[in-house]
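Because the structure is predicted, anything quoted here is derived from the model rather than measured. Heads up: numbering here begins at 1 and tracks the sequence.
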Amino acid sequence: MAVSVDMLRKHLRIDGSMEDAMLFFYLETAKKYVKNATGTEAEHLVLIVASIFYEYRVSEEEMSKAFDALTPFFVQEAMINGATTD
């Protein structure tokens with residue numbers, strides 16, 4: 001099952017749908033990032049990345065630096081999770 005805006009909203013504990021357009025953008029960007037970094041769209045990683053986008057609304061340059069630092073951890077998690085669920 002793919003991560004939906006509703007799932008992300010619940011994960012972030014957001015009531016109402018006023019921010020859905022922004023959440024959709026963060027979610028789609030997170031899916032692309034996780035797919036590029038790990039070769040999969042693991043739901044838990046997509047939720048983590050989309051949540052980071054939402055919680056830390058910083059410049060693209062700062063976000064890029066942060067994700068460069070986090071990417072090895074996402075890849076490692078995807079490898080470990082893939083080995084136990086496949």
Side-chain angles (χ1 to χ4, degrees):
M1 171 177 26
V3 179
S4 66
V5 171
D6 188 51
M7 289 172 67
L8 180 58
R9 193 180 327 108
K10 287 178 184 175
H11 177 75
L12 293 169
R13 296 186 174 125
I14 297 173
D15 294 328
S17 59
M18 289 185 64
E19 299 186 74
D20 280 1
M22 182 176 56
L23 294 178
F24 178 79
F25 172 74
Y26 291 149
L27 187 58
E28 291 303 307
T29 305
K31 288 176 185 177
K32 290 175 189 173
Y33 171 80
V34 171
K35 180 73 171 181
N36 287 336
T38 68
T40 181
E41 287 186 14
E43 289 183 20
H44 64 290
L45 295 178
V46 171
L47 279 173
I48 290 169
V49 172
S51 297
I52 291 170
F53 286 147
Y54 177 79
E55 294 293 336
Y56 300 97
R57 299 172 200 165
V58 295
S59 72
E60 186 176 340
E61 181 181 340
E62 290 179 34
M63 187 64 74
S64 178
K65 289 178 185 177
F67 277 109
D68 285 347
L70 290 172
T71 297
F73 298 107
F74 293 140
V75 171
Q76 181 181 15
E77 172 60 25
M79 291 173 65
I80 291 169
N81 191 43
T84 59
T85 59
D86 287 343

Taking all heavy atoms of [X] and all of [Y], pick out the closest pair and write down the distance.
| X | Y | answer |
| --- | --- | --- |
| Leu8 | Leu23 | CD2-O, 3.7 Å |
| Val3 | Leu47 | CG1-CD2, 3.6 Å |
| Ser51 | His11 | OG-CD2, 2.9 Å |
| Ala30 | Val46 | CB-O, 3.7 Å |

Task: Atom CG of Asn36: over 12 foreign heavy atoms under 6.0 Å - done: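 Yes, CG of Asn36 has more than 12 neighbouring heavy atoms, counting only those of other groups under 6.0 Å.
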
Open item on the list: Using the side chain to side chain contact (heavy atoms under 4.5 Å, CB included) definition, which of the options Phe25, Phe24, Tyr26 pairs with Glu28?
Closed with: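 Per the side chain to side chain contact (heavy atoms under 4.5 Å, CB included) rule, the option paired with Glu28 is Phe24, out of Phe25, Phe24, Tyr26.
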
TODO: Report the C-alpha distance between Glu55 and Leu12 in whole Å, list the side-chain angles of each, state the deciding distance to 0.1 Å, and finish with yes or no for side chain to side chain contact (heavy atoms under 4.5 Å, CB included).
DONE: CA-CA 9 Å; Glu55 294 293 336; Leu12 293 169; 3.9 Å; yes

TODO: Might you work through the side chain to side chain contact (heavy atoms under 4.5 Å, CB included) test for Ile14 and Tyr54, ending with a clear yes or no?
DONE: CA-CA 11 Å; Ile14 297 173; Tyr54 177 79; 3.6 Å; yes

- [ ] State which residues pass side-chain hydrogen bond (donor to acceptor under 3.5 Å, both in side chains) with Lys10; sequence neighbours excluded, sorted by chain then number.
- [x]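 Asp6.
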
Open item on the list: Test of understanding: clusters of I, L, V, M, F, W, Y form through side-chain heavy atoms closer than 4.5 Å, transitively. Do Leu27 and Tyr56 belong to the same one?
Closed with: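 Hydrophobic grouping puts Leu27 with Tyr56.
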
